[in-house]
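Computed from a predicted structure; not experimentally measured. Below, all heavy atoms of this structure are taken into account, side chains as well, without hydrogens, waters or symmetry copies. Residue indices begin at 1 and follow the sequence shown.
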Amino acid sequence: METNRPYLVLGLDPGIASCGFCLLDMTNHKILEMGSHLFDAPQEAKTKTSLAVTRRNARSARRNTLRTATRMKHCLALLKDAGLIPENADKAWLQSAKGDKPILKLRANGLDRQLTDREFAQVLYSLCGRRGYIPHGEGRLGETDDGEGRKVLSAIKANEATMKRGNYRTVGEMLYANNGKSRNHGGDYSLCVYNSQIKDEVQALFSAQRALGNPKASGDFEQDYIDCLEWEKKTIDYDTRVYELVGTCSYFPEEKRAADADISSQLCRAYERLGHIVIVREDGSEQRLTAKQIDGYLNILFSPLPLKGNKECKVTYGSIRKDLDLSGKDVFKGVAQDGEKGEPFSPKSWRSLRAALYENHEDLLVRMLKDRELGDAICEALTFASTEASLFERLGLLGLTEDEQTALCSSVPFTGKLFKGYGSRSLKALRILLSAFEEPEIRTLTDAEKATGLLDLRLADRGLRDKLLPSYSKYDPTCRNPVVLRAMSRMRHIVNAIIRIHGVPDEIHIELGRDLKMSNKEKAAVSKSQRANEAANKKWAARAAGILGCSPEEVPGRIVRKLAMREEQGEKDAYTGATIDLEHLVRDDRYCEIDHILPYSRTCDDSRANKVLVLSKSNQDKRERTPYEWMTSGEPGTPDWDEYRNRVMATVKYPRKRANLLNTDLSPETQAQFLARNLNDDRYMSVAVKNYLEDCLVFPEDGRKKHVTAVAGGATGNLRWVWGLNFGQGNTKDRDDDRHHAVDAAIIAACSESTVKKVAEASSRGRETFKHLRKSRLADTQPWPTFAEEVIAQRAFVVPTHMANHGVTGRVFEDTLYHLEGFTNDKGKYPLVRAGEKTVKKGNVRINPDGSVKLIDGMAFLRLWPDPDARPNGKVKGKWYAEPVYYADIPAIKAGTYIPRACTIHVARNAWEPVPASAMRREPVVLFAGDVVEVDEHIGRYSGFNIAGGRMGVLNILTKVEVSDWPSLGSWGRNTQVRVLQEDCLGHCYDSIIIDPDNSTFKQRE
């Protein structure tokens, strides 16, 4: 019997596609709730790409298509006004016909002979349709975060070199002289050119035609045409929409956050970092920098001009040591002696501004420092703008001269990484903090917050606290990540459901993907490795900068990564062993590529251990295969597997990378294990959940300051082993059983702060400690003596629940468009379509009026219509009709023109008979993928419908294996009981039934 007030502890194991939960009553030693809730992350099934990315790319493609069509329509009107084509001509009139010269040849010939009206119109119409690449700052700077964009820029650079080498007058003449082609195909970008180069060609063509006596090539027509050629949507509208997504200040919710590049942002961080420097003297006493010393170092960091002997105006720990005349036995707290070359703070965006402007616009830099509002406004504009046009418009509001605006647009890398991102404070808060830092007694951020009252504002309740969690979008309106939003929504349903039954827990524990406490030796090793990596990156950035002729900070991060990997691999291609040339690597982005050893599309492993540097040809030949699959494929020219394996064994020292390189089994089962990890997103999710819970729930008033505890993932792993809660082979976690999320949550709930300390202490004594010794140290960590036994018993009754998506939107058609050849002559009446050189039959298509055919893609839901009066065999037995409804049918359903048709096997869907009126008198049973359906004594999770065989796909709820004993639709009669089970996230819907894990049957619990 419960004799004491329950002390409730909720354990949560949040992830991007699952949430394990367990509620413990620590006072009365009871497990009150325990379960696993699963849901589909909004990602593509194969590539794991966010669905938002897929939709955004499709939306962008549609916009570009529409804008191109509008531009071409305007170009056609210009050609008519100029008298080059008849008034009744359309775009088909300009298409090349028999006897016409190729457009590319006309582009070259037009420089030396007068073109006919039709020829001139064909050239201009063609150039308007393929007007070249329009850079938005990144082309000039050689910096873009888009992989495809990098390939385009590399190709343009190569073509510019070809132009210069061949003394060609226009890009059209260059393309015609080299290969006679102007269009890229199949992912090739070698024929890309700038829009400005196309404009130059147009001007050259008009000039040549006028000189050759062409009366149609007037100056007014040329200007109108160039305006059409260069037209693009104003990017400031896009930038404004993006800026609206910037979050609010952590002190003043009504204020927007300031850009990281703002002078005030950098200055505030500099005050913080310098104020936290602690010097430990030889006698053990500690000393901080004085206000005067900090001001002196700030003057160096934010100098408007490079200093003599210190061109980049750096302040390192070593320079501070020299300036303060510290002895060799005086140390900086938390800084290793070999780390004194590092800087407490580096104002990178200010350095970029100084490097770009000091030679010709020193006065502007001085004004930006004296008038900090002007300086912040300029940096805000540089962060805000995505194109030069947008930046010019923003800078035009700041009272700058035209020369200064041009310098900022042409010299500062505003599209690069230095001018991206926003902090957590507004400019209003930053200026208040800076006024406090200027006082001699203020050293730390906490001191500044207390002195200004900002600390109370940061900790103030913003009206979100309640006994139930609000929606995450209300808590963080700036979050647009669909993966996070869905995961938070499901976690919120679980927490609120538990609160409605049991009340707000006293404590909530969540697992964070962080390592356990490390020994001093391990810490030193990690610190040394981090310093070595930092030094190596700086070395490679400097080396690349020398080759490219720019500053090290402007070297793209991808080049530094490639150089580091090249050195790690002994300057060799990881697959073929071929030598990788340093200068070629830096100058040509297409020369080498970073490849996922085990394909990312199959493993979702983006870690460093799964990446190598290879020549582009190696990457293209390997494709989406493992090295083993490629090298043993029998294709000509593949590397020898045995030779490759010996080289890897001799040269690769990192065990995980070596294992990936030598992997010989990437079967579907192994892939599933890789895809199930989702480590990076899980870590982010855990941190977000912790903040969400702490800020929004009203916890019991028990005097505790901390109600939400983050549990280290390593601790739960140790306790799982110690308490005997591993259910996989070899005493490991069974990740194939979705109940492991519930078990993890139980361990997390039981993992108190004292338990974590015990685990950390045991771990800190050495990772090499014998397992039986570590087990004895942790044997007394269970919250009560029978806890593990009760978890094992409770696990047997856990049924993982799923969130079924009941939306009716999805991909309507497959991308490929086919041509209809006819229909089969049998009863199936299958459409015959041309696929390449073959004619094949397809059963589920949409035939367009022009004879083209689209394959219908996604199924929205399945409707099952009961007809108890049907006589399938001459006897009154009843019948059920199955009607698959696809996303393509939804518009017709909404318009009221849709006719329900019953699935008939071996017959094309267009030839199915309508569902009889006798069946449509009753409401159908509607099944969405993921729904749990009961048919008499059978229960299973509906996974889909096969129209070829007229068969439902049903999975066992516990094992996720397709059941073989599911009653076929043909066996359902008038007495068959069919219902969709409404799952609740806690799984209480299964409290009264027992499910057989070996088949699809169930029975009522006694």
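Taking 4.5 Å as the limit, some side-chain heavy atom of E254 sits within range of a side-chain heavy atom of K428. The shortest distance between side-chain heavy atoms of I508 and F699 falls below 4.5 Å. Residues H707 and D506 form no side-chain contact, since every pair of their non-hydrogen atoms from C-beta on lies 4.5 Å or further apart. Within the 4.5 Å cutoff, side-chain heavy atoms of L307 are placed close to those of C313. Here the side chains of L395 and C409 are in contact, with some heavy-atom distance below 4.5 Å. Within the 4.5 Å cutoff, no side-chain heavy atoms of I279 are placed close to those of R288. At a threshold of 4.5 Å between non-hydrogen side-chain atoms, the residues Y271 and L445 do not count as touching. Looking only at side-chain heavy atoms (C-beta outward), L485 and M488 stay at 4.5 Å or farther from each other.
Nearest heavy atom pair, residue L374 against residue L398, reads CD1-O, 4.0 Å. Nearest heavy-atom pair, Q293 versus L289, reported as atom, atom and distance to 0.1 Å: OE1-CA, 3.3 Å. Here the closest non-hydrogen pair linking I263 and D376 is N-OD1, 3.1 Å. In terms of heavy atoms, M491 sits closest to C19 at CG-SG, 4.0 Å. Nearest approach of S386 to D239, heavy atoms of both residues: OG-OD1, 2.8 Å. The minimum heavy-atom distance linking S471 with R492 is given by the pair N-NE, 3.5 Å.
Taken to the nearest 0.5 Å, the OG1 atom of T387 stands 8.5 Å off from the CD1 atom of I236. With rounding to the nearest 0.5 angstrom, the OG1 atom of T452 is 3.5 Å from the CG atom of L454. Put simply, CZ on R372 and CG on L430 are 10.0 Å apart, with the number rounded to the nearest 0.5 Å. Considering SG of C379 and CG of L427, their distance stands at 10.0 Å, rounded to 0.5 Å. Rounding to the nearest 0.5 Å gives a distance of 8.5 Å between CG of L301 and CZ of R354. From I294, atom CD1 reaches atom CD1 of I277 across 8.0 Å, with rounding to the nearest 0.5 Å.
For the pair D447 (side chain) and I442 (backbone), a donor-acceptor distance under 3.5 Å is absent. Proximity of a side-chain donor or acceptor of E507 to a complementary backbone N or O of L10 within less than 3.5 Å is not detected. Remark: the backbone N or O of A745 is not paired with any side-chain donor or acceptor of D13 at under 3.5 angstrom. At distances below 3.5 Å, not a single donor-acceptor pair connects side-chain atoms of H509 with backbone N or O atoms of G11. Proximity of a side-chain donor or acceptor of E694 to a complementary backbone N or O of N691 within less than 3.5 Å is not detected. In terms of modelled atom types and a separation under 3.5 Å, the side chain of S390 and the main chain of A385 share no donor-acceptor contact. Of the possible donor and acceptor atoms, none in the side chain of R431 sits under 3.5 Å from a partner among the backbone N and O of S264. Panel note: side chain S303, backbone N299; no donor-acceptor pair is recorded below 3.5 Å. At distances below 3.5 Å, at least one donor-acceptor pair connects side-chain atoms of S250 with backbone N or O atoms of S424. Judged by distance alone, the side chain of Q266 and the main-chain N or O of A261 form a donor-acceptor pair under 3.5 Å.
Annotation: cation-pi geometry not satisfied between K256 and Y422 (NZ/CZ under 6.0 angstrom from ring centroid, within 45° of ring axis).
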Next on the checklist: Y317 vs F332, test: ring-ring contact (aromatic ring centres under 6.0 Å, His included). Steps then yes/no.
Outcome noted: CA-CA 8 Å; Y317 289 102; F332 293 96; 5.2 Å; yes

Item to check | Check against side-chain contact (heavy atoms from CB on, under 4.5 Å), F392 and L408 | outcome: CA-CA 9 Å; F392 259 115; L408 287 166; over 6 Å; no

Checklist entry - Step by step, would you call E340 with R321 a salt bridge (Lys or Arg N to Asp or Glu O under 4.0 Å)? => result CA-CA 9 Å; E340 292 190 4; R321 172 182 292 279; 2.8 Å; yes

Item to check | K690 vs E511, salt bridge (Lys or Arg N to Asp or Glu O under 4.0 Å): CA-CA, chis, key distance, verdict | outcome: CA-CA 9 Å; K690 181 177 183 294; E511 182 180 84; over 6 Å; no

Item to check | Verdict with supporting geometry, L267 and F345, side-chain contact (heavy atoms from CB on, under 4.5 Å) | outcome: CA-CA 10 Å; L267 191 56; F345 179 70; over 6 Å; no

Item to check | Worked verdict on E380 versus D262 for side-chain contact (heavy atoms from CB on, under 4.5 Å) | outcome: CA-CA 6 Å; E380 285 281 333; D262 286 355; 2.5 Å; yes

Checklist entry - Step by step, would you call W350 with L365 a side-chain contact (heavy atoms from CB on, under 4.5 Å)? => result CA-CA 9 Å; W350 174 254; L365 292 170; 3.8 Å; yes

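Salt bridge annotation for E272-R425: present, with a cationic side-chain nitrogen under 4.0 angstrom from a carboxylate oxygen. Contact check on E343 versus R351 returns a salt bridge, with a Lys/Arg side-chain nitrogen under 4.0 Å from an Asp/Glu carboxylate oxygen.
Between Y475 and Y692, the distance from one ring center to the other falls under 6.0 angstrom.
When each of I499, L24, V9 is paired with P505, the side-chain contact (heavy atoms from CB on, under 4.5 Å) condition holds for I499 and for no other.
Atom OH of Y243 has more than 12 heavy atoms from other residues, nucleotides or ligands within 6.0 Å. Around the NZ atom of K538, the shell of radius 6.0 Å holds more than 12 heavy atoms that belong to other residues, nucleotides or ligands. Enclosure of atom NE2 in H502 by more than 12 non-hydrogen atoms of other residues, nucleotides or ligands within 6.0 angstrom is indicated.
Between the side chains of T240 and D237, no donor-acceptor pair is found at a separation under 3.5 Å.
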